[in-house]
Q: 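Got a structure for you, written out below as structure tokens; questions coming shortly.
Order of the sequence lines fixes the chain letters, A, B, ..., with proteins taken first and strands second; residue numbering starts at 1 for each chain. Just so it is clear, the model here is predicted, and its values are computed rather than measured.
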Amino acid sequence: MPELPEVETTRQGLLPVMVGQVIRQASVNRPDLRWPLPPDMATRLTGARVLALRRRSKYLLADLDTAETLLIHLGMSGRMLISGQALGVFHHDHPAPLKHDHVVLQMETGARITFNDARRFGAMDLMATAKVDQHPLLARLGPEPLGNAFDEAYLAARLHGRATPIKSALLDQHIVAGLGNIYVCETLFRTAIAPQTLARAITPDQVARLVPAIRAVLREAIESGGSSLRDFRQTDGALGYFQHRFQVYDREAEPCPVCQTPIARLVQSGRSTFHCPTCQR
DNA sequence: ATGGGGGCCTGCCGGC
DNA sequence: TGCCGGCAGGCCCCCA
């Protein structure tokens, strides 16, 4: 579910209850997420103070005063929920334990942070902070799409010669890190590029449209609080609103907002692509 | 090396 | 009402 904007809004929701605060008690209800959790994870988290909460691509990184960093990936259905009393604010999204509450961080402030993930495609791991960017899940990621390293020259070089459709190339986290199915579909619509176009056939003009369009769609989604599909909620239980602004994603057969042609769905590398066959060439 | 498909796991929705 | 197939925001791994 969560793509870069949803992870970023989750991070922003967690900031006030995590950063500077001590984990009084960490507990693990299910250690078998996408990979087994470190067997001593709860022990290594308990008593630690969170120094910073960062985001790299779709990963949350909580730096601890133990010189370790907690990596969190939400997979398809993962959520971080806050409940309890903290810093004068009562959070009530999630007062009672639910099915699929796999990891709970009870903070000294009284806040409770719960990782809930029905499908268990999510993941957590601990790694020395000094080496966290060498973690196998992070080491080979492409640049942040909102960062300076992502520009026209870079993207053109990475698309050069590739025989894969542009849709698949933009989903490849090694090319650019953080886009998922929704925001790739929206970006290709905004840039009027057909999703089947091979990466190697993308013109310089199209590259020049893609870079700012990717940035814009991500920024707008973050400002809207992300997208709430199938129950995705922010940490405080609030819904994101960007889904109302999807122009093509999940809108098969609805009229294109530009030309009224019915939005089409096709499957590329096993994933649905929504597009306007008239506008996108 | 690169691209495509399978698989991981649970829940929901539509059709019969 | 109940069952079944299809689908879902991600991503690693294996095979050709």
Q: With the threshold set at 4.0 Å, does a side-chain nitrogen-carboxylate oxygen contact exist between A:E144 and A:R215?
A: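 No, A:E144 and A:R215 are not salt-bridged.
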Q: Mind calculating the distance between CD (A:E252) and P (C:dG6) to the nearest angstrom?
A: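 Atom-to-atom, A:E252 to C:dG6, this comes out as 15 Å.
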Q: By the 4.0 Å heavy-atom rule, please label A:R200 as base, sugar-phosphate, or nothing.
A: nothing
Q: Pick the nucleotide of DNA chain B nearest each of A:H100 and A:F121; which residue has the one closer to the 5' end?
A: A:F121
Q: Is A:T164 near enough to B:dT2 that one of its side-chain N or O atoms lies under 4.0 angstrom from OP1 or OP2?
A: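 The answer is no; no side-chain N or O of A:T164 sits under 4.0 Å from OP1 or OP2.
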Q: For the pair made of CZ in A:R120 and C1' in C:dC12, what is the distance, rounded to whole Å?
A: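 After rounding, the reported distance stands at 17 Å.
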Q: Is there a Watson-Crick or G-U wobble partner for C:dT1 with both distances under 3.5 Å, and which nucleotide is it?
A: none
Q: Between A:K58 and A:E6, is there a side-chain N and carboxylate O pair less than 4.0 Å apart?
A: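 No, this pair does not count.
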Q: Output the rounded distance in Å from CG (A:D32) to C1' (B:dC9).
A: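 These atoms are roughly 10 Å apart.
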Q: Hey, does A:L137 reach any base, or is it just sugar-phosphate, or nothing, if we go heavy atoms under 4.0 Å?
A: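 It contacts sugar-phosphate atoms only.
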Q: Pick base, sugar-phosphate or nothing for A:R162, based on heavy-atom distances below 4.0 Å to the nucleic acid.
A: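 Sugar-phosphate, no base atom in range.
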Q: Measure CG/A:L33 against P/B:dC9 and give the value in whole Å, please.
A: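 To the nearest whole Å, that distance equals 12 Å.
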Q: Please state how far atom CD in A:E3 lies from atom P in C:dG10, giving the value in whole angstrom units.
A: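 The answer, rounded to whole Å, is 5 Å.
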Q: For C:dG10, does OP1 or OP2 lie under 4.0 Å from any side-chain N or O of A:R271?
A: yes
Q: In whole Å, I'd like the distance from the CZ atom of A:R79 to the P atom of B:dC9.
A: 19 Å
Q: Watson-Crick or G-U wobble partner for B:dC9, using a 3.5 Å limit on both distances?
A: none
Q: Select from A:R119 and A:P136 the residue whose nearest nucleotide in DNA chain C is closer to the 5' end of that strand.
A: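 The 5'-side residue here is A:R119.
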Q: Would you call the rings of A:Y183 and A:F246 parallel, tilted or perpendicular if under 30° counts as parallel and over 60° as perpendicular?
A: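 Rings of A:Y183 and A:F246: perpendicular, as their planes differ by over 60°.
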Q: Calculate the interatomic distance between A:D172 atom CG and B:dG3 atom P; express it in whole Å.
A: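 It is 8 Å, rounded to the nearest whole Å.
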Q: With rounding to the nearest 0.5 Å, note down the distance linking CD1 in A:I263 to CG in A:D250.
A: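 Here the rounded value is 11.5 Å.
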Q: Looking at CD of A:E186 and OG1 of A:T191, how far apart are the two atoms once the value is rounded to the nearest 0.5 Å?
A: 11.0 Å
Q: Could you work out the separation of C:dC3 and B:dC9 based on their P atoms and round it to a whole Å?
A: 23 Å
Q: What's the closest nucleotide to the side chain of A:S272 if the choices are B:dG4, B:dC9, C:dC7?
A: C:dC7
Q: Quick check for you: among C:dG10, B:dG4, C:dA8, whose closest atom lies nearest to any side-chain atom of A:Y249?
A: C:dA8
Q: Is the shortest distance from a Lys or Arg side-chain nitrogen in A:R55 or A:E8 to a carboxylate oxygen in the other one below 4.0 Å?
A: yes
Q: From the list B:dG11, C:dC7, C:dC11, which nucleotide is the closest neighbour of the side chain of A:R265?
A: C:dC7
Q: Taking the nucleotide of DNA chain B with the closest heavy atom to each, which residue, A:K99 or A:G270, is nearer the 5' end?
A: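 Result of the comparison: A:G270.
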Q: Roughly, in whole Å, what's the span from CG in A:L171 to C1' in B:dG5?
A: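 Whole-Å distance recorded here is 15 Å.
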